[in-house]
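All figures in this text were calculated on a predicted structure; none of them were measured in a lab.
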Amino acid sequence: MMDDRPHWLDDPRNVRLLWRGFLVVLALVVAAELVVALHPHFAVESLFGFYAVYGFAACAVMIVGAKLLGFLLKRPDTYYEADDE
């Protein structure tokens with residue numbers, strides 16, 4: 001039985017509210033570096049916001065790597081169809 005009601009994420013106001021909420025949480029996490037004692041092993045780790053930038057860069061590299069891997073492993077739509085010829 002299908003429900004014809006739209007999903008709550010179809011409303012742009014809800015999506016905008018989620019984005020704002022995520023940005024607030026991210027800003028709080030970065031601001032927490034001001035009150036949390038960090039114990040860096042390398043000099044670059046002592047930079048403010050290093051872990052946020054490092055996490056973002058690692059996520060971006062994984063996304064780009066997945067896209068490139070998708071192009072490498074892509075097969076045609078008819079890959080699994082029987083060869084009747």
- Item | Residues which pass side-chain contact (heavy atoms from CB on, under 4.5 Å) with Tyr79, listed by chain and number, not counting sequence neighbours | Arg75, Pro76

- Under the side chain to side chain donor-acceptor pair (under 3.5 Å) rule, collect the residues that match up with Asp11, sequence neighbours excluded. Arg13

- Message: Considering only residues two or more places apart or on different chains, which pairs with a residue in residues 53-72 satisfy ring-ring contact (aromatic ring centres under 6.0 Å, His included)?
- Response: Phe50-Tyr54

- Query: Got a sec, which residues hit side chain to side chain donor-acceptor pair (under 3.5 Å) with Tyr51, two or more places apart in sequence or on another chain?
  - Reply: Glu45

- Query: By side chain to side chain donor-acceptor pair (under 3.5 Å), which residues pair with Arg5, not counting sequence neighbours?
  - Reply: Asp3

- Hits for salt bridge (Lys or Arg N to Asp or Glu O under 4.0 Å) against Arg20, two or more places apart or cross-chain, chain-then-number order -> none

- Query: Tracing side-chain links under 4.5 Å among I, L, V, M, F, W and Y, which residues wind up in one group with Val64?
  - Reply: Leu68

- Item | Residues forming a side-chain contact (heavy atoms from CB on, under 4.5 Å) with Phe48, sequence neighbours excluded | Val30, Glu33, Leu34

- Ignoring hydrogens and angles, tell me if any N or O in the side chain of Asn14 forms a donor-acceptor pair with the backbone of Leu9 under 3.5 Å. no

- Apart from Val24 itself, its cluster of hydrophobic side chains linked below 4.5 Å comprises Leu28

- side-chain contact (heavy atoms from CB on, under 4.5 Å) involving Trp19 - partner list, sequence neighbours excluded: Val15

- Could you give the distance from CG (Leu47) to CZ (Phe42), rounded to the nearest 0.5 Å? 13.5 Å

- Task: Report the residues that fulfil side-chain contact (heavy atoms from CB on, under 4.5 Å) with Asp77, sequence neighbours left out, ordered by chain and then residue number.
- Result: none

- Query: Other than Val29, what residues sit in its cluster of Ile, Leu, Val, Met, Phe, Trp and Tyr side chains whose heavy atoms are under 4.5 Å apart, directly or through others?
  - Reply: Val25

